Visitor: 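This structure is in structure tokens; I'll ask about it shortly.
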Amino acid sequence: MSILYRSTRSSAEPVTASKAILTGLSPDGGLFVPTEIPTFTSSLEEMKTMSYRDLAYDIMSRWLTDFTEEELKACIAGAYDEKFDTPAIAPLVKKDGAYYLELYHGATIAFKDMALSILPHLMVTAARKNGVHDEIVILTATSGDTGKAAMAGFADVPGTRIIVFYPHGGVSNIQYLQMATQRGANTHVVAIRGNFDDAQTAVKKIFNDREMAAELADKGIRFSSANSINIGRLVPQIVYYVYAYCQMAAAGEIKTGEEINITVPTGNFGNILAAYYAGQMGLPIHKLICASNENKVLFDFFQTGEYDRNRPFILTSSPSMDILISSNLERLIYRACGDDSERCAAFMESLGRTGKYDITDDMREKVSDFYGGFASEEENFAGIRDLYGKTGYIIDTHTGIGNAVYRRYAAETGDTTPTVIASTASPYKFAVSVVGAIAPDEVEGKTDFELIDLLSRLGGTAEPAAITDIRTAPIRHRTVVDPADMADEVRRILGV
Ligand SMILES: *Cc1c(COP(=O)(O)O)cnc(C)c1O
């Protein structure tokens with residue numbers, strides 16, 4: 001069966017998976033969605049015995065049907081290798097009755113590595129398949145995590161270059177060091193005197209600059225995007241939910257075929273949407289628990305059926321979830337509309353114009369597999385401290401939101417379904433907040449690296465290589481520009 005991708009906002013002719021990956025966003029502003037959601041080829045019994053790579057092929061080949069077996073297997077082999085610090089790639093650990101799916105064993109110790117380590121391979125393959133010989137230049141504005149994960153993925157990938165913009169003084173010290181020390185002759189990091197929105201707005205402007213695009217085309221260069229609306233980031237994320245299930249079944253924690261819950265600390269709605277797609281493919285899922293921090297626009301949406309971004313933006317200790325427009329929710333809305341792009345476009349038009357929309361009761365019924373919850377800063381910290389006190393296991397502040405929401409859900413509903421919690425970042429990446437949760441008296445007067453040492457002692461774990469690297473790696477990127485000069489900086493870098 002061949003799967004094509006169409007826009008959530010128009011009935012334009014569907015395109016192949018490779019074209020959708022290459023293009024990123026549909027020209028009408030919609031997101032690419034499959035014309036049909038594929039089902040598993042292998043049984044859960046069979047998948048239980050597969051390695052991560054074999055399972056990745058089994059799942060991804062169902063979605064990316066215009067990639068040959070050889071192409072897709074090469075992409076998978078190039079991505080899920082020694083860049084991960086464990087052969088399990090995504091290990092599952094049981095603590096205090098819940099299953100933590102550790103998605104942070106890749107190069108930049110956050111879950112975005114799971115998709116961004118394979119996206120460059122998919123993109124280069126897609127270019128080749130479509131007869132595109134241009135150099136692909138990835139432009140990314142980042143608030144911290146995405147830019148580094150994208151650079152780690154694209155570093156030294158032939159035929160590509162990546163330029164990352166981040167707010168000068170607007171990221172954590174660890175995030176700054178991670179970016180400023182990035183290796184790879186094709187990576188470029190630029191700080192801007194402005195905030196993340198300034199960076200994002202200027203990047204969008206460069207993307208839409210037709211004159212520049214034409215100039216670049218003459219030189220055999222084209223821009224592309226690595227952000228989470230690319231279907232090439234979503235599909236690889238389906239794999240680890242199936243893998244988690246298989247690990248539970250293989251260990252006898254559940255019977256094969258038994259339902260599980262999946263809890264996901266959510267921002268842009270990409271990670272949890274992948275879990276939803278896993279369920280649609282045939283993974284036995286009872287509830288998808290969507291966990292928000294104090295920016296609880298999704299909680300309100302699942303509670304009331306109204307999505308309303310008109311509210312203050314709150315800065316929390318789970319910054320990668322500080323978001324008021326969850327772009328990937330559009331793909332769920334499309335499903336809930338009965339795959340009706342006209343209706344979906346009307347909701348998105350309303351979101352653009354008024355900042356909100358209201359779904360029908362019929363649509364609410366269609367998303368009733370989701371349970372929305374949120375946790376305050378205090379609940380998050382208390383949950384991290386409690387789990388550490390009971391088990392000695394340390395989770396980061398994003399996973400902490402998932403943890404707190406799940407614990408409250410279980411207490412309130414009495415639901416005893418075995419539950420996986422997506423563990424989206426290493427605690428080492430957010431050491432200041434995490435030590436603040438488990439040993440608040442120890443934080444004051446300590447540097448980031450002293451807190452990391454303390455975390456290592458408290459948790460009895462060795463610090464990840466990603467941290468050791470930045471202790472001594474030379475600073476390679478020092479450019480700082482004004483937002484108004486970003487386009488010129490891109491020209492300078494590309495030599496046009
Ligand atoms: C990006 C990110 C999230 C949010 O994931 P979405 O797919 O945007 O919902 C959660 N935790 C961490 C650590 C992240 O980097």
Side-chain angles (χ1 to χ4, degrees), residues 51-53 55-56 59-60 76 79-95 98-119 144-146 148-150 152-153 178 226 228 232-248 260-279 283 285 288-291 318-321 328 384 387 393-403 405-406 419-430 434 459 461 464-467:
S51 69
Y52 194 87
R53 284 192 197 184
L55 186 66
I59 306 277
M60 291 178 63
I76 290 167
Y80 302 114
D81 59 9
E82 303 73 42
K83 289 192 285 299
F84 287 79
D85 67 11
T86 160
I89 308 292
L92 187 73
V93 300
K94 185 180 187 184
K95 298 287 173 189
Y99 300 83
Y100 294 83
L101 178 61
E102 296 182 350
L103 302 174
Y104 55 74
H105 289 273
T108 76
I109 57 177
F111 95 93
K112 291 186 174 70
D113 290 325
M114 300 301 296
L116 281 165
S117 55
I118 193 165
L119 183 70
D145 282 344
T146 300
K148 176 63 190 184
Q178 280 194 307
S228 79
R233 274 189 61 180
L234 214 42
V235 170
Q237 295 181 168
I238 300 169
V239 177
Y240 47 73
Y241 292 112
V242 183
Y243 190 61
Y245 187 95
C246 291
Q247 289 183 73
M248 289 164 83
I260 61 166
N261 294 328
I262 297 177
T263 303
V264 185
T266 296
N268 218 12
F269 209 75
N271 204 6
I272 195 165
L273 187 74
Y276 169 76
Y277 281 157
L283 195 69
I285 295 176
L288 291 162
I289 301 171
C290 174
S318 44
S320 303
M321 298 161 61
N328 273 297
I384 294 172
L387 184 66
Y393 184 62
I394 303 179
I395 55 176
D396 97 291
T397 41
H398 299 77
T399 311
I401 294 287
N403 178 63
V405 166
Y406 166 64
T419 297
V420 170
I421 298 173
S423 198
T424 53
S426 160
Y428 285 94
K429 196 158 191 177
F430 298 96
V434 171
T461 55
I467 296 287

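In what follows, residues are counted from 1 in the order of the sequence shown. Note that the structure is a prediction, hence the values are computed from the model and not measured.
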Visitor: What residues form a side-chain hydrogen bond (donor to acceptor under 3.5 Å, both in side chains) with Asp145, not counting sequence neighbours?
Guide: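 In terms of side-chain hydrogen bond (donor to acceptor under 3.5 Å, both in side chains), with neighbours along the sequence ignored, Asp145 is linked to Gln175, Ser320, Lys429.
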Visitor: Could you tell me the separation between the CD1 atom of Ile384 and the CD1 atom of Ile394, rounded to the nearest 0.5 Å?
Guide: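 Between atom CD1 of Ile384 and atom CD1 of Ile394 there are 10.0 Å.
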Visitor: Of the non-hydrogen atoms in Gly400 and Ile395, which two are nearest, and what is the gap between them?
Guide: CA-CD1, 3.8 Å
Visitor: Drop me the distance from Asp396's CG to Ser423's OG, to the nearest 0.5 angstrom.
Guide: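 So the CG of Asp396 and the OG of Ser423 are separated by 6.5 Å.
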Visitor: Quick check for you: to the nearest 0.5 Å, what is the distance between Leu234 atom CG and Leu119 atom CG?
Guide: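 Between Leu234 CG and Leu119 CG, I get 11.5 Å after rounding to 0.5 Å.
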Visitor: Ala149: what forms a side-chain contact (heavy atoms from CB on, under 4.5 Å) with it, not counting sequence neighbours?
Guide: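 Checked Ala149 against side-chain contact (heavy atoms from CB on, under 4.5 Å); matches are Thr108, Lys112, Asp113, Leu116.
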Visitor: Side-chain contact test, heavy atoms from C-beta onward, threshold under 4.5 Å: evaluate it for Pro236 versus Met60 and give yes or no.
Guide: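 They are in contact (side-chain heavy atoms under 4.5 Å apart), so the answer is yes.
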Visitor: Test of understanding: with side-chain hydrogen bond (donor to acceptor under 3.5 Å, both in side chains), list the residues that count as partners of Ser318, not counting sequence neighbours.
Guide: Asn293, Thr316
Visitor: Can you list everything that forms a ring pair (Phe, Tyr, Trp, His ring centres under 6.0 Å) with Tyr428? Sequence neighbours excluded, please.
Guide: none
Visitor: With sequence neighbours left out, what residues match Tyr277 under side-chain hydrogen bond (donor to acceptor under 3.5 Å, both in side chains)?
Guide: none
Visitor: What is the minimum heavy-atom distance between Phe430 and Ala425, and which atoms define it?
Guide: CE1-CB, 3.8 Å
Visitor: Minimum heavy-atom separation for Ala244 and Leu92, please, with both atom names.
Guide: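 Closest pair (atom of Ala244, atom of Leu92, distance): O-CD2, 3.7 Å.
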Visitor: Any idea which heavy atoms bring Ala56 and Ile76 closest together, and the distance?
Guide: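 Minimum heavy-atom separation between Ala56 and Ile76: C-CD1, 3.7 Å.
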Visitor: Counting distance only, does the side-chain N/O of Tyr245 pair as donor-acceptor with the main-chain N or O of Ile285 below 3.5 Å?
Guide: no
Visitor: What pairs with Ala466 under side-chain contact (heavy atoms from CB on, under 4.5 Å), at least two apart in sequence or on another chain?
Guide: Ile109, Gln178
Visitor: Report the residues that fulfil ring pair (Phe, Tyr, Trp, His ring centres under 6.0 Å) with Phe269, sequence neighbours left out, ordered by chain and then residue number.
Guide: Phe370
Visitor: How about Ser426 and Glu102: do any of their side-chain heavy atoms sit closer than 4.5 Å?
Guide: no
Visitor: Tell me, please, which residues at least two apart from Asp85 pass salt bridge (Lys or Arg N to Asp or Glu O under 4.0 Å).
Guide: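 Here no residue qualifies.
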Visitor: Can you tell if the side chain of Tyr276 reaches within under 4.5 Å of the side chain of Asn328, non-hydrogen atoms only?
Guide: no
Visitor: Using the test salt bridge (Lys or Arg N to Asp or Glu O under 4.0 Å), find all partners of Lys95 that sit at least two apart in sequence or belong to another chain.
Guide: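 Not a single residue meets the salt bridge (Lys or Arg N to Asp or Glu O under 4.0 Å) criterion with Lys95.
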Visitor: Output every pair passing side-chain hydrogen bond (donor to acceptor under 3.5 Å, both in side chains) with a member in residues 260-269, not counting sequence neighbours, ordered by first then second residue.
Guide: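 side-chain hydrogen bond (donor to acceptor under 3.5 Å, both in side chains) check on residues 260-269 returns Ser228-Asn268, Asn261-Asp415, Asn261-Thr419, Asn268-Ser327.
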Visitor: Can you tell me how far OG1 of Thr461 sits from OH of Tyr393, rounded to the nearest 0.5 angstrom?
Guide: 10.0 Å
Visitor: Tell me, please, which residues at least two apart from Tyr80 pass ring pair (Phe, Tyr, Trp, His ring centres under 6.0 Å).
Guide: Tyr52, Phe84
Visitor: Provide the closest heavy-atom pair for His398 versus Pro265 in the form atom of the first, atom of the second, distance.
Guide: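 Smallest interatomic distance, heavy atoms only, reads O-CB, 3.2 Å.
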Visitor: Has the side chain of Arg233 got a donor or acceptor atom that lies under 3.5 Å from a matching backbone atom of Ala226?
Guide: yes
Visitor: Atom OH of Tyr241 and atom CD1 of Ile262: how far apart are they, to the nearest 0.5 Å?
Guide: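 Here the rounded value is 6.5 Å.
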Visitor: Using the side chain to side chain contact (heavy atoms under 4.5 Å, CB included) rule, pick out the option among Asn271, Thr399, Leu101 that qualifies with Phe111.
Guide: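 Among the candidates, only Asn271 passes.
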Visitor: Looking at residues at least two apart in the chain, or sitting in another chain, which of them share a side-chain hydrogen bond (donor to acceptor under 3.5 Å, both in side chains) with Thr424?
Guide: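 With sequence neighbours excluded, Thr424 shows a side-chain hydrogen bond (donor to acceptor under 3.5 Å, both in side chains) to no residue whatsoever.
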Visitor: Would you name the heavy atoms of Ala98 and Tyr406 that are closest together and state the gap between them?
Guide: CB-CE2, 4.0 Å
